[in-house]
Number of protein chains: 2
Amino acid sequence: MKVLIVGGVAGGASAAARLRRQSEDAKIILFEKGEYISYANCGLPYYIGGTIREKERLIVTTPQLLRDRFRIDVRTKSEVVKIDREKKMVTVQNHADGTTYEESYDKLILSPGAQPKRPPLPGIDSEGIFTLRTVPDTYRIDEYIRETKAKSAVVVGAGFIGVEMAENLKKRGLDVTIVEFLDQAIASLDPEMAAILHRHLRENGVRLLFGTGVQGFEKAGNLKVKLTGDKEICADLVLLSIGVAPDSRLAKDAGLELGVGGSIKVSDTLQTSDPDIYAVGDAVCVRQLVTGGDTLIPLAGPANRQGRLAGENVLGRTEKDSGVQGSSILKVFEMTAASTGMNEKQLKAQKIPYQKTYIHPADHATYYPDSSQMSMKLLFAPDGKILGAQAVGFDGVDKRMDVLATALRLGGTVYDLEKLELCYAPPYSSAKDPVNMLGFTAANILRGDVKVFHFDEVDALDREKISLVDVRTPVEMQMGTIEGAIGIPLDVLRDRMQELPKEKPVYLFCQVGLRGYVAARILMQNGYDVKNLSGGYKTYITAKG
Amino acid sequence: MKVLIVGGVAGGASAAARLRRQSEDAKIILFEKGEYISYANCGLPYYIGGTIREKERLIVTTPQLLRDRFRIDVRTKSEVVKIDREKKMVTVQNHADGTTYEESYDKLILSPGAQPKRPPLPGIDSEGIFTLRTVPDTYRIDEYIRETKAKSAVVVGAGFIGVEMAENLKKRGLDVTIVEFLDQAIASLDPEMAAILHRHLRENGVRLLFGTGVQGFEKAGNLKVKLTGDKEICADLVLLSIGVAPDSRLAKDAGLELGVGGSIKVSDTLQTSDPDIYAVGDAVCVRQLVTGGDTLIPLAGPANRQGRLAGENVLGRTEKDSGVQGSSILKVFEMTAASTGMNEKQLKAQKIPYQKTYIHPADHATYYPDSSQMSMKLLFAPDGKILGAQAVGFDGVDKRMDVLATALRLGGTVYDLEKLELCYAPPYSSAKDPVNMLGFTAANILRGDVKVFHFDEVDALDREKISLVDVRTPVEMQMGTIEGAIGIPLDVLRDRMQELPKEKPVYLFCQVGLRGYVAARILMQNGYDVKNLSGGYKTYITAKG
Ligand SMILES: Cc1cc2nc3c(=O)[nH]c(=O)nc-3n(C[C@H](O)[C@H](O)[C@H](O)COP(=O)(O)OP(=O)(O)OC[C@H]3O[C@@H](n4cnc5c(N)ncnc54)[C@H](O)[C@@H]3O)c2cc1C
Ligand SMILES: Cc1cc2nc3c(=O)[nH]c(=O)nc-3n(C[C@H](O)[C@H](O)[C@H](O)COP(=O)(O)OP(=O)(O)OC[C@H]3O[C@@H](n4cnc5c(N)ncnc54)[C@H](O)[C@@H]3O)c2cc1C
Ligand SMILES: CC(C)(COP(=O)(O)OP(=O)(O)OC[C@H]1O[C@@H](n2cnc3c(N)ncnc32)[C@H](O)[C@@H]1OP(=O)(O)O)[C@@H](O)C(=O)NCCC(=O)NCCS
Ligand SMILES: CC(C)(COP(=O)(O)OP(=O)(O)OC[C@H]1O[C@@H](n2cnc3c(N)ncnc32)[C@H](O)[C@@H]1OP(=O)(O)O)[C@@H](O)C(=O)NCCC(=O)NCCS
């Protein structure tokens with residue numbers, strides 16, 4: 001069995017290693033068009049920022065190790081430029097010596113990754129405009145900053161790489177502005193969750209220009225970045241991070257079936273429309289675990305997992321890829337943001353029925369030092385199935401998202417979250433973990449124990465037709481409340497509820513939702529039609545930005 | 001509906017709050033024999049150590065708040081001394097004024113907790129011998145240290161509270177010795193995992209005396225602690241932490257059915273043998289989630305959850321408690337140890353078939369600064385079902401155990417762990433998370449891709465009949481290897497395997513198990529009968545202590 005692999009990083013190297021472990025006999029050739037294989041794409045921004053200092057650190061496995069340990073014929077600077085499916089041959093261009101040759105295969109695995117998008121804007125090829133995907137890209141940016149003593153940067157696009165680079169350029173001492181066409185950073189988050197990051201980015205000195213497109217560049221000393229609305233902004237360096245496009249050129253030329261966004265279409269055994277050709281990673285179209293629909297989720301975990309699977313399936317196994325849920329996480333200065341599954345924007349767009357709950361729990365028992373507050377959002381189906389989750393905070397965000405991702409993967413419901421028995425000691429959590437709290441608050445909604453309203457409904461509420469009640473203390477109210485709210489602190493609500501006319505629906509809120517919930521339970525049982533503001537004033541005011 | 005609750009802390013206060021939210025009409029009386037309700041039992045050691053500085057911090061909710069917000073009639077210093085089930089009456093002793101009175105009930109919820117064990121040893125009542133369960137216990141220890149300027153302590157029992165107290169007494173400046181009858185600390189861990197903590201405790205200056213019982217005490221200036229084997233040891237303070245016994249006196253006197261260890265027997269709706277009496281928390285017998293058997297798991301998470309459930313079930317709901325898995329966690333100086341489900345000792349004792357795997361992964365990508373190594377153990381059934389897990393390390397242990405606890409709770413298998421899609425960015429994890437790695441290594445065993453042997457089989461291997469091969473590098477071997485091992489580094493194994501006679505089984509090992517696994521795959525496919533040492537030399541040498 002002779003297996004050729006195109007692409008030598010996350011998906012390709014994983015497939016090669018797994019394949020070798022499964023078969024000593026297979027002849028395995030790994031083609032990588034670049035100079036490096038098996039590198040830490042995800043670490044690249046941190047090299048630029050100086051958190052990762054040694055170049056070697058960026059290389060996870062060397063060609064030598066893959067040769068010695070796995071007897072893989074690693075060919076770097078070798079680009080596969082054509083697939084002849086008929087003859088089961090590929091054409092390889094050797095960039096070292098300029099030669100071209102053919103290589104036959106029994107099975108072919110494609111893991112060519114994705115390409116940073118570079119729209120054909122005027123001046124896009126000016127010096128000082130970069131994208132970041134590979135090790136050489138990284139060195140180029142690093143050297144440019146060093147040599148030109150760059151003092152300022154514009155980051156175009158506020159996705160994961162854009163925000164990570166903003167942080168790292170800032171750490172490197174540059175003045176940083178992010179320009180983003182949308183109204184928010186990190187599109188996998190919903191805007192009210194992203195708003196927390198916006199504040200943190202600004203606090204850390206990163207300028208944010210939302211709702212702003214780039215129309216072109218001009219090199220004149222430094223770089224002029226021309227923005228929509230006839231504005232412009234100057235910088236020494238521009239990083240383009242407006243997303244990636246699946247690299248499917250080879251597949252397309254070979255007549256393989258394509259999917260969403262020009263990605264390579266694969267079956268659940270990771271076979272392309274040609275069963276002798278497998279494809280994995282950023283280049284392929286995946287099945288969204290929650291919806292079953294086709295989508296693109298260019299992340300390292302899935303690429304590695306798919307590589308491992310393809311590496312065994314080429315030998316005849318038929319292990320199925322179980323779909324991708326899009327669990328992702330991001331460090332932003334001191335904060336962490338993470339999500340899994342579908343977000344609300346996607347659920348709305350796909351008209352999938354959902355409900356949601358917000359909470360703002362402490363990451364661990366508040367009586368133990370150094371606890372901090374997280375903001376969490378859970379999206380769930382009317383039958384309780386978990387659809388997606390988001391969290392932003394300081395400590396403990398990664399843990400909760402991994403728990404939620406696990407529950408989602410295993411088909412869990414909000415009722416399951418109520419029952420999870422997580423590890424508790426004061427430095428780590430609370431006896432009722434934040435994930436349990438998400439379960440409680442969600443299940444309370446579904447069981448009808450409480451009705452909720454959301455931050456985005458507040459401003460449209462007709463203050464004449466409803467009672468809007470702030471159940472916090474007068475001191476809290478003084479520090480800011482919602483326009484038109486009357487204050488009845490929770491602890492005196494039972495005595496003062498006659499102030500509220502029974503015929504008017506009551507819209508309650510407190511700081512995070514807990515007291516509002518308790519108040520709602522009191523009023524409901526006294527015959528009121530009540531709704532509690534999920535996530536409380538905190539979600540409302542954060543979303544206001 | 002009139003509901004009486006006995007015990008005002010984790011289970012009792014949770015039941016009271018939930019019950020009020022469910023019913024404005026219920027008359028709720030909460031009896032607490034002590035002075036404080038709703039306190040942070042789990043924080044008490046940290047008050048003594050000085051990490052928690054303010055007394056108020058130990059109180060989670062005051063009686064006043066429970067009265068104002070929940071209209072709960074909170075009666076502290078009020079001990080329920082008798083239940084008359086016939087008349088549905090309890091007798092209450094008011095410790096404030098010495099009076100006794102009766103109170104009727106429709107439903108009764110018992111959450112009396114547990115009592116620290118105090119064996120009737122000679123001298124046990126001497127001054128300076130303490131147990132730790134309540135706020136007053138905490139103040140007593142704190143004052144005693146302050147007033148007597150205690151310089152040394154003996155902690156009897158190396159369970160959670162014992163180890164936490166050892167750390168905190170040490171932080172307080174005392175010289176600390178732990179005396180433990182068993183051969184290990186933290187019985188919920190298996191000995192080879194606990195061994196990691198032993199070293200860390202010793203490195204932090206805590207003396208450990210295992211396999212040592214206490215036979216008595218003598219007050220003579222300071223305290224003489226008489227040990228088995230005619231030894232003795234002196235200290236200014238003794239903390240007894242040899243476990244807790246369910247406080248079921250009331251229940252027993254009332255003729256309620258009892259379970260394991262004298263606990264209160266309850267149904268899955270948390271009803272005792274008298275359906276009008278519910279019981280929760282440390283006092284009750286729970287169903288082990290994994291085995292379905294009866295057991296005692298005195299932890300705050302379950303107590304809170306059961307309290308919440310009882311608080312709604314008294315109103316006629318029949319929500320079922322889904323069993324307890326014993327997820328627990330412990331901070332030991334800089335380290336964290338956590339576990340969930342069954343440990344190996346328990347599986348062996350209950351003759352439940354299992355397999356196991358060990359790994360020692362980094363908590364996050366090693367190319368990103370400050371990663372540290374964890375040690376993890378997974379126990380699983382022949383069909384792949386997760387039975388239990390343990391982990392010890394620095395960062396990231398709590399996260400992985402919560403993920404594993406979630407998978408276990410949802411009935412997950414090792415094959416599910418392979419597929420989990422957890423959040424990955426370099427500061428948080430690796431593209432293949434440690435939990436995935438547990439899944440891979442376990443599934444590889446079950447699929448027959450590799451056979452493993454374990455650290456505790458090593459010494460008994462007949463070196464004549466087998467080949468014991470260290471596949472690490474010569475440099476690594478020089479720093480220590482297993483007696484009788486020959487060295488064939490992995491990367492030259494294919495060239496040198498003819499040195500190994502085919503008729504002898506080959507027992508391979510490397511540092512953590514990964515290279516041994518790759519070597520095993522090579523040899524298996526070349527016709528050898530091979531086993532790889534799970535967890536490698538690291539598990540072996542750690543277990544040696
Ligand atoms: C800066 C940055 C940060 C990231 N951070 C994270 C993160 O924190 N978490 C996360 O989950 N993901 C992150 N990612 C995404 C992650 O790196 C990718 O999802 C993953 O690497 C995809 O694996 P792949 O094998 O599909 O593609 P790649 O890893 O990109 O590998 C594809 C390789 O194929 C080669 N190739 C392409 N065509 C050919 C050809 N015709 N012939 C030969 N070779 C070819 C390319 O040169 C490339 O080296 C990050 C990516 C970048 C760029
Ligand atoms: C020092 C310490 C550290 C701990 N650390 C952790 C940890 O990190 N993680 C964890 O999960 N668990 C921990 N625990 C265990 C946890 O605190 C218990 O599991 C939990 O409190 C049990 O709840 P409960 O309601 O059953 O009992 P308790 O919380 O003990 O409450 C029982 C109450 O009932 C009262 N009572 C008893 N009998 C009567 C009566 N007849 N009339 C009136 N009142 C009565 C008692 O005075 C007591 O206040 C720790 C416990 C201690 C002592
Ligand atoms: C590293 C790389 C070459 C793949 O190598 P790999 O050998 O499959 O992966 P790992 O080194 O993580 O080892 C995993 C294997 O070791 C096994 N293993 C891990 N720890 C083990 C242990 N303690 N005992 C036994 N086996 C162990 C696993 O079971 C798995 O084998 P399997 O797939 O046959 O089940 C490839 O993933 C790569 O190039 N990664 C870097 C690029 C990248 O991912 N970039 C994006 C993220 S920055
Ligand atoms: C605090 C204590 C009195 C119980 O009070 P509680 O009100 O049930 O618990 P919490 O304050 O944690 O709040 C949980 C409730 O608020 C709701 N809630 C939490 N956050 C919310 C939010 N943002 N929006 C709406 N509701 C919210 C939950 O749904 C839950 O209500 P439910 O049970 O009716 O579903 C009791 O647990 C206690 O005494 N604890 C301290 C003692 C202890 O546990 N010791 C051992 C560990 S140290």
Side-chain angles (χ1 to χ4, degrees), chain A residues 10 21 23-24 40 42-43 46 51-52 57-58 60 68-69 71 299-305 322 324-325 327-331 338 340 365 367-369 398-399 401-403 405-407 409-410 412 416 419-429 431-432 490-491 494 518 521-522 525-526, chain B residues 10 21 23-24 40 42-43 46 51-52 57-58 60 68-69 71 299-305 322 324-325 327-331 338 340 365 367-369 398-399 401-403 405-407 409-410 412 416 419-429 431-432 490-491 494 518 521-522 525-526:
Chain A
R21 286 190 292 267
S23 162
E24 275 291 290
C42 319
Y46 299 96
T51 300
I52 299 176
R57 291 242 154 206
L58 296 178
V60 179
D68 291 346
R69 186 161 300 171
R71 300 287 147 107
L299 290 170
N304 270 271
R305 190 175 71 223
S322 44
V324 182
Q325 66 198 80
S327 305
S328 62
I329 190 162
L330 174 75
K331 177 181 169 308
T340 192
Y367 59 77
Y368 190 88
D398 58 331
K399 171 160 80 173
M401 199 48 62
D402 277 357
V403 167
T406 302
R409 172 70 46 177
L410 295 179
D416 292 318
K419 290 174 197 147
L420 290 184
E421 187 185 323
L422 303 169
C423 297
Y424 165 58
Y428 305 98
S429 182
K432 295 163 190 157
L490 169 58
D491 293 350
R494 287 184 185 85
V518 175
R521 292 296 307 159
I522 294 171
Q525 296 181 61
N526 280 284
Chain B
R21 286 189 293 266
S23 163
E24 276 290 290
C42 319
Y46 299 96
T51 301
I52 299 176
R57 290 242 154 206
L58 296 178
V60 177
D68 291 347
R69 185 161 300 171
R71 299 285 148 108
L299 290 170
N304 271 270
R305 191 175 72 225
S322 44
V324 181
Q325 66 197 82
S327 304
S328 62
I329 190 162
L330 174 73
K331 174 179 172 307
T340 192
Y367 60 78
Y368 190 89
D398 57 331
K399 172 160 79 173
M401 199 48 59
D402 277 357
V403 167
T406 302
R409 169 73 44 180
L410 296 179
D416 292 318
K419 291 173 197 147
L420 290 185
E421 188 185 324
L422 302 170
C423 297
Y424 166 58
Y428 305 98
S429 183
K432 296 163 190 153
L490 169 58
D491 292 350
R494 287 183 186 84
V518 175
R521 291 297 307 158
I522 294 170
Q525 295 181 62
N526 280 285

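Since the model is a prediction, treat every value here as computed from it, not as a measurement. Protein chains get the first letters and strands the later ones, always in sequence-line order, with residue 1 at the start of each.
- Contact count versus chain B (heavy atoms, under 4.5 Å) is highest, among A/K331, A/R494, A/R71, A/R521, for A/R494.
- Both the backbone and the side chain of B/L422 come within less than 4.5 Å of a heavy atom of chain A.
- Note: B/L420 leads B/L420, B/L58, B/N526, B/L330 in heavy-atom pairs under 4.5 Å with chain A.
- Heavy-atom distances place the side chain of A/R409, and not its backbone, under 4.5 Å from chain B.
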A/R57 and B/Y368: CA distance, side-chain angles, deciding distance, side chain to side chain contact (heavy atoms under 4.5 Å, CB included) verdict
CA-CA 8 Å; A/R57 291 242 154 206; B/Y368 190 89; over 6 Å; no
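- To the nearest 0.5 angstrom, B/I52 atom CD1 is 8.5 Å from B/Y46 atom OH.
- Both the backbone and the side chain of A/Y424 come within less than 4.5 Å of a heavy atom of chain B.
- Of all the listed residues (B/K432, B/M401, B/R69), the one sharing the greatest number of non-hydrogen pairs under 4.5 Å with chain A is B/R69.
- Among A/G301, A/A365, A/P427, A/A40, the residue with the largest count of heavy-atom pairs under 4.5 Å with chain B is A/A40.
- For the pair A/E421 (side chain) and B/S327 (backbone), a donor-acceptor distance under 3.5 Å is present.
- Judged by distance alone, the side chain of B/K419 and the main-chain N or O of A/R305 form no donor-acceptor pair under 3.5 Å.
- Chain B forms the most heavy-atom pairs under 4.5 Å with one residue out of A/A405, A/P426, A/A303, and that residue is A/P426.
- Residues that satisfy the salt bridge (Lys or Arg N to Asp or Glu O under 4.0 Å) test with A/D416, not counting sequence neighbours, are absent from this structure.
- Interface residue B/Q325: backbone and side-chain heavy atoms are both found under 4.5 Å from chain A.
- Between chain B and the residues A/G412, A/C42, A/S328, the most heavy-atom pairs under 4.5 angstrom are made by A/C42.
- For the set B/D68, B/D402, B/V518, the count of heavy-atom pairs under 4.5 angstrom toward chain A peaks at B/D402.
- Applying the salt bridge (Lys or Arg N to Asp or Glu O under 4.0 Å) test to B/R21 and every residue at least two apart in sequence or in another chain returns nothing.
- One finds the CG atom of B/D398 at 6.5 Å from the OH atom of A/Y428 (value rounded to the nearest 0.5 Å).
- Of the possible donor and acceptor atoms, none in the side chain of A/E24 sits under 3.5 Å from a partner among the backbone N and O of B/I522.
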